[in-house]
2 protein chains.
Amino acid sequence: MKSTTYSNYLNNLSDIIKENSFGDLLKEGLFGIEKENVRVDTDGKLSMTPHNVLLGNKETNPYITTDFSDSQVEMITPPLPSVNEVHGFIETIHDIVTDSIGNELLWPQSTPPILPDENDIPIARYGKEKIKNEIYREDLAKKYGKKRQMISGLHFNYSITDRFVTQLQSKHFKDITKQQLTNDLYLRITRNFMRYRWLIVWLFGQSPTSHDTLVVKSLQTGEDKKLQCKKGVSTRTSPYGYRNRKDYYIDYTSLATFKQSIQDLVDTGELQFDKELYLPIRIKFDPEEEISHLEVRILDLDPYEKSGVSKVTLHFLHIFLMYCLLKEENSAFSEEEQLTSTKNQDLISCFGMDANTKLMADSPVTPDQWSAQIMNDIEDTLNPLNIISDNEYAQAMNIAYNISREHNKSRVFRLKKEIEEQGFINFHLNKALIYKNESTQKAYRFHGFEDMELSTQLLMKAAIRRGISIKILDRKENFISLEKADKKEYVMQATRTSLDPYNSVLMMENKVVTKKVLQEDGINVPGGNEYYNTNRAKSDYIFFKNRAIVVKPKSTNFGIGITILKENNSKELYERAVEMAFENEDSILIEEFIPGKEFRIFIINNKVVGILHRVPANVCGDGKSTIEQLVDIKNNDPIRGKGYKTPLEKIAKGEAEEIFLKTQGLDFNYIPEKDEVVYLRENSNVSTGGDSIDYTDDVHISYKQIAEQASKSLNVNITGLDMIIKDHTVAATADNHSIIEMNFNPAIHIHCYPFVGKNRYLNEKILDALGFEND
Amino acid sequence: MKSTTYSNYLNNLSDIIKENSFGDLLKEGLFGIEKENVRVDTDGKLSMTPHNVLLGNKETNPYITTDFSDSQVEMITPPLPSVNEVHGFIETIHDIVTDSIGNELLWPQSTPPILPDENDIPIARYGKEKIKNEIYREDLAKKYGKKRQMISGLHFNYSITDRFVTQLQSKHFKDITKQQLTNDLYLRITRNFMRYRWLIVWLFGQSPTSHDTLVVKSLQTGEDKKLQCKKGVSTRTSPYGYRNRKDYYIDYTSLATFKQSIQDLVDTGELQFDKELYLPIRIKFDPEEEISHLEVRILDLDPYEKSGVSKVTLHFLHIFLMYCLLKEENSAFSEEEQLTSTKNQDLISCFGMDANTKLMADSPVTPDQWSAQIMNDIEDTLNPLNIISDNEYAQAMNIAYNISREHNKSRVFRLKKEIEEQGFINFHLNKALIYKNESTQKAYRFHGFEDMELSTQLLMKAAIRRGISIKILDRKENFISLEKADKKEYVMQATRTSLDPYNSVLMMENKVVTKKVLQEDGINVPGGNEYYNTNRAKSDYIFFKNRAIVVKPKSTNFGIGITILKENNSKELYERAVEMAFENEDSILIEEFIPGKEFRIFIINNKVVGILHRVPANVCGDGKSTIEQLVDIKNNDPIRGKGYKTPLEKIAKGEAEEIFLKTQGLDFNYIPEKDEVVYLRENSNVSTGGDSIDYTDDVHISYKQIAEQASKSLNVNITGLDMIIKDHTVAATADNHSIIEMNFNPAIHIHCYPFVGKNRYLNEKILDALGFEND
């Protein structure tokens with residue numbers, strides 16, 4: 001295959017993909033986000049405090065670190081296989097940082113808040129890597145000014161998949177090495193991205209203005225200047241933003257020429273290091289000279305998004321990058337073409353809100369004219385490949401199209417207007433406060449990973465805060481690995497860990513064995529027997545007569561086939577209960593019924609770390625609202641949801657609730673007195689709207705000691721022990737409590753987000769127990 | 001309730017039980033056996049070697065110890081809830097002892113083998129408890145003679161249940177304490193047992209003769225005398241056997257009077273301790289003065305039974321004890337009556353084979369006349385209570401009845417005849433050899449507990465040998481506890497122990513996770529992918545084309561939905577394989593197929609302890625026999641059985657085998673050449689008659705090191721790892737092996753009883769790993 005043929009071939013990629021139905025493969029990819037936010041105080045002034053120790057060691061935490069200054073938090077996602085996951089991940093890191101900086105706020109705008117004097121801006125200080133990092137930062141401060149360094153942005157990392165390249169190669173490029181093909185594909189994307197990048201700035205630029213304190217030295221003239229473009233959409237990507245002193249020519253023909261171009265700049269002293277070259281899209285490659293991914297660097301923080309970027313923007317950016325791969329090239333990317341494309345970016349950055357701005361294409365053209373062309377071309381190219389056929393991609397395409405058609409209705413116009421109305425600081429502070437509140441209210445959530453169990457979501461959040469690397473080994477099973485320095489742990493469902501010996505788990509799983517072992521150690525369990533046949537169980541009526549008992553199938557956990565006989569003075573009822581239990585399983589338990597409240601006691605390493613009591617779905621009257629209204633108010637709490645995605649479930653207003661109200665002579669229209677509590681359910685399950693109440697500090701210490709003793713008996717390190725206690729305020733006696741079950745996979749989220757009570761941070765305590773230090 | 005009424009009431013127990021349908025409750029009980037066998041050499045001479053160190057410490061092993069002499073092994077079962085279990089348990093201990101005494105044999109007769117001079121009989125020597133035990137034994141030696149001490153027997157322990165007594169009390173004896181009622185019930189059994197005990201001796205006595213060397217000093221006259229009763233059935237229970245010097249009167253009215261009677265004998269110096277009183281039935285009580293059980297001491301060892309007693313004898317004895325409880329008493333058990341009952345025992349012991357012997361009842365009566373009366377009375381008493389309605393009890397009753405009707409056809413006549421024909425020593429040695437062979441052939445079995453998994457049976461046997469107390473916590477689940485001194489371990493299914501961390505087990509359970517973790521550690525696993533949808537899997541044909549692959553559902557273990565494509569050059573076949581896998585599960589794996597032999601590598605604490613390879617059901621020709629005949633011969637091996645009760649399964653001669661032979665152009669009538677191997681199955685499963693071949697010493701060390709490394713990777717201590725190896729004799733390279741699975745609950749019995757190869761004693765190795773020392 002000749003090189004010319006090969007180039008032609010690459011120019012026909014979309015046909016090849018269509019022929020082979022490779023659209024799905026092209027659409028796969030790995031995505032990552034790195035974003036910066038500077039910390040501000042509640043007045044909108046740049047925070048002068050050091051990076052919070054709660055956020056792990058900034059030198060080793062792979063998710064949370066600092067950039068130029070300690071005041072500038074940098075958040076980094078790992079590479080993830082979907083745009084939605086990466087968006088959720090960055091939002092989650094944002095939540096974690098928000099939760100760890102006290103009253104400070106994360107500034108939601110690329111251009112900085114109220115800055116102090118240039119000299120007072122602190123440079124990030126380092127321990128181990130001091131020399132390299134600090135000297136580098138001081139040099140940058142001198143060259144570009146510290147204030148300019150405070151401009152923050154969001155980088156989007158993108159890679160095509162090995163699967164895609166392999167398929168392409170095996171079909172059509174058998175004579176080209178995979179490495180060569182990979183590099184050529186990425187270089188195509190890069191060149192086209194450079195050509196058309198003005199469009200991204202025009203569509204999504206969100207830094208039209210800046211604060212008065214952002215006075216920076218011109219890189220060209222050297223004079224101090226306030227950063228302001230009157231009609232601009234992006235101060236940050238303008239020539240006044242964070243840029244190199246000159247527009248250097250780079251040869252994008254091959255990875256080798258690309259690298260050589262940069263080396264030349266370093267050799268001639270234009271740049272200190274290769275990473276000082278601030279390209280709008282960076283090429284990343286591995287030591288084997290194969291390009292691994294691209295880093296798009298021209299997105300401003302979007303103040304209308306807590307995470308700094310909308311999913312729509314990310315989806316469109318992905319579409320745009322695929323388009324850049326497929327778009328045919330009719331010229332080499334010459335020095336002249338490079339200068340033109342940079343000029344176009346500058347024009348949009350500084351005059352993008354002016355519809356009459358003329359961009360330099362084959363002939364001068366307005367942004368809306370050119371963008372219409374590109375948008376049509378994107379659709380023509382990608383539609384036949386089924387790439388923008390799914391909801392979210394189609395929606396992103398539509399929205400981008402709309403922006404280009406009615407640019408004056410886009411977010412940047414709204415932003416500029418609201419800033420003018422409310423003031424630059426006020427507007428952004430307000431947004432920051434709203435986002436902080438949102439983060440707090442849904443602190444239980446790991447965005448983008450809501451399909452995983454809440455307990456696992458919480459554990460992963462705690463791990464990120466501590467800088468522990470997470471890998472998801474089996475998502476459906478909630479099986480993850482945690483790794484930091486030399487330590488590696490495998491955890492399933494948050495509580496199934498290396499801490500527990502296998503046989504202890506098996507003992508907990510088997511109720512009969514649990515009871516026998518506890519009993520032998522003198523710990524109270526309900527008395528009773530196991531039965532394998534009906535007659536035997538029935539003939540034992542004599543042993544249970546006049547004693548409160550529970551008759552239940554041996555293994556069931558869900559109340560099916562269970563009868564509680566509080567009196568047990570009717571042989572007939574007793575026998576019916578036995579029969580019902582046997583209808584569900586071939587072995588049953590008859591146990592004494594222990595009256596009292598049931599408590600879930602969570603134990604880690606033989607220490608009680610949380611106690612909960614659950615009460616049935618209920619509302620508490622205010623003297624004015626109906627039951628229905630009270631339910632609605634209670635359901636409004638973000639802690640309640642549907643389908644186990646939240647710590648508590650919404651109270652239903654269904655038949656079961658209606659009937660239960662009826663048994664009390666009530667209905668949904670009844671207005672309870674102030675402080676009158678009305679129950680809507682008999683069972684206390686959280687799944688039917690029950691409340692979880694934290695009792696960790698309220699239960700008498702003697703029960704905690706017994707629970708800890710029980711965990712030692714079974715040699716378990718993580719367990720959720722269910723104990724019935726007559727009166728939790730008085731000390732344990734021989735007959736006022738009983739352990740009814742020990743659970744080997746207890747939920748932790750209910751202890752972190754109870755309806756009433758404190759967060760007991762069991763996610764953090766599990767990490768402690770696993771030996772991950774909180775450094 | 002007056003005492004007279006109470007006594008009357010007790011005399012009507014059978015009516016009460018009938019009225020209340022308490023028959024089943026009465027029939028419940030706990031049973032135990034203690035038996036002695038002296039060890040002999042292969043010439044039938046008393047062994048002079050010490051108690052074998054393999055059998056644990058005789059001072060602490062609860063199952064295996066010594067009696068008077070080290071040459072006399074004492075075996076003890078724990079109390080068990082059925083006669084069959086206790087019979088199996090004692091047989092199993094017998095097997096264990098047999099296996100641990102090298103060439104020596106267990107003498108199957110109550111009267112001793114060839115004895116040395118009185119002075120040369122060794123007394124058991126003790127460590128810690130030296131003073132108490134050794135002095136006591138020396139005193140006994142002086143008083144009764146060492147040779148007499150060599151007479152061995154079998155004791156049967158029996159207790160009624162607390163449930164039975166509780167029910168009785170709550171129904172009819174509310175004014176009597178449970179303790180009182182318990183004691184009165186046991187005393188009734190005891191008195192009636194004493195009255196009618198001659199019957200047991202008559203039915204089951206099995207020591208009609210003894211060896212010439214058994215010359216003992218008469219306890220009455222003091223002169224040396226060979227123990228021999230010409231027409232006797234039981235030398236051992238005769239006045240010449242092991243008896244006190246006098247027939248002491250004991251007051252059996254209450255536990256208090258009983259204890260006082262014995263105390264009087266000790267106080268007057270007749271006895272050294274209370275336990276020197278050799279009653280035919282002993283009363284055992286606890287410190288709270290409640291009788292716990294009875295010990296029947298008049299059973300001879302039955303030389304026709306490996307275990308020393310038949311199940312029939314035990315079932316009948318149980319029937320007899322229940323009868324003794326229910327049988328009305330018309331007199332106090334006076335001194336005269338006691339002397340008469342002893343006289344009757346003596347008459348039967350010494351003249352039981354003479355049908356004309358007259359026993360002393362209300363009037364003189366022959367044994368067959370009186371036994372017919374008793375037998376009828378037993379049936380009249382127990383039949384209405386449904387106690388002898390089940391197979392084994394009805395059968396025992398029948399057999400006992402037959403013995404009493406045709407006593408001259410009973411075992412003791414046969415025994416005497418065979419001894420006369422073959423010689424006393426020869427006959428018994430012969431039996432001992434047969435039993436030793438039986439023990440060896442079924443060494444994998446724990447008799448009476450065959451419903452448990454073989455792996456658990458083997459672990460329990462090893463535990464007994466080491467003197468580790470076993471408790472079965474959940475029989476169905478094979479959940480046991482092991483306890484010795486301060487150490488206690490809970491084990492499920494032999495290999496689910498405290499040694500493994502819970503998460504390691506979860507990792508093994510999840511094939512995808514196992515692969516990821518091993519792969520990360522650079523260990524060979526089959527390459528491949530997991531798929532969640534059909535199209536995606538189909539479109540990956542390109543990756544697998546022309547490579548040998550396995551397409552399989554993610555979790556299945558049983559070959560369902562699995563396709564092996566060794567060529568994979570047809571897209572159609574590939575797609576069909578994908579569809580078939582998805583028909584079974586919603587996620588599938590496509591992995592490279594690794595050619596080679598599959599080995600099961602068993603690892604304990606990161607050390608390979610056994611390697612097996614399984615081959616499909618096959619026969620090896622002898623040049624004469626047909627395939628059918630060869631299968632029969634192979635199936636005859638006691639290592640093969642049906643339904644997983646044996647280490648290997650019998651080869652079927654069914655349709656599947658016939659078809660597979662047909663594909664080779666063969667049928668069951670084909671006569672293979674000498675050494676020609678013919679396979680009857682394609683699959684190598686043991687369940688379809690496959691063979692297990694031990695390769696522990698044959699596999700190249702490099703694969704063992706890799707397997708050990710894999711166990712470290714997953715941090716597991718017990719695992720059965722499946723590795724495919726191209727050629728197990730050459731060292732491992734990058735691509736000649738692959739780990740396909742790690743099993744968290746691997747069977748151990750297949751490594752202990754392979755078809756070809758050594759016993760790798762994994763049961764012992766698991767006990768070692770658990771930290772139970774082999775003392």
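We name chains A, B, ... by the order of the sequence lines, and we start the count at 1 in each one.
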- Distance (rounded to the nearest 0.5 Å) between B:Ser587 OG and B:Asn533 CG: 11.5 Å
- Query: Which bit of A:Asn510 is near chain B, if near means a heavy-atom gap under 4.5 Å: side chain, backbone, both or neither?
  - Reply: side chain
- Message: Between B:Asn745 and B:Thr495, do the side chains contain a donor N or O and an acceptor N or O under 3.5 Å apart?
- Response: yes
- Message: Shorter than 4.5 Å, heavy atoms on both sides: which option in B:Leu499, B:Leu25, B:Asp474 has the most such pairs with chain A?
- Response: B:Asp474
- Are A:Lys515 and A:Glu591 within salt-bridge range, i.e. N to O under 4.0 Å? yes
- Query: Could you give the distance from CG (B:Asp451) to CD (B:Glu453), rounded to the nearest 0.5 Å?
  - Reply: 10.5 Å
- Using non-hydrogen atoms and a 4.5 Å limit, figure out which bit of B:Glu509 sits close to chain A: side chain, backbone, both or neither. neither
- Message: Please rank B:Asn20, B:Val491, B:Asn715, B:Asp540 by heavy-atom pairs under 4.5 Å with chain A and give me the top one.
- Response: B:Asp540
- Item | Pick from A:Gln167, A:Lys516, A:Lys471 with the largest number of heavy-atom pairs that fall under 4.5 Å of chain B | A:Gln167
- Message: Parallel, tilted or perpendicular, judged at 30° and 60°: which one describes the rings of A:Phe22 and A:Phe164?
- Response: perpendicular
- Note on the structure: Okay, A:Ser504 and chain B: the region with an atom under 4.5 Å from a heavy atom over there is neither
- Query: A:Met492 versus chain B, heavy atoms under 4.5 Å apart: side chain, backbone, both or neither?
  - Reply: side chain
- Option in A:Val517, A:Asp24, A:Leu506, A:Leu714 with maximal non-hydrogen atom pairs under 4.5 Å from chain B: A:Leu506
- Please look at A:Tyr490 and chain B and tell me whether the side chain, the backbone, both or neither of the residue comes under 4.5 angstrom of a heavy atom of that chain. both
- Query: Between B:Tyr574 and B:Lys545, is there a cation-pi geometry (under 6.0 Å to ring centre, at most 45° from the normal)?
  - Reply: no
- Note on the structure: If you tally heavy-atom pairs under 4.5 Å between each of B:Glu477, B:Glu28, B:Glu489 and chain A, the highest tally belongs to B:Glu28
- Specify the closest pair of heavy atoms between B:Tyr541 and B:Lys571, including all atoms of both residues, with the distance to one decimal. OH-N, 3.5 Å
- Could you pull out the closest heavy-atom pair between B:Asn478 and B:Met452, with the gap in Å? OD1-CB, 3.2 Å
- Measuring heavy-atom distances to chain B, does A:Ile718 have an atom under 4.5 Å in its side chain, in its backbone, in both, or in neither? neither
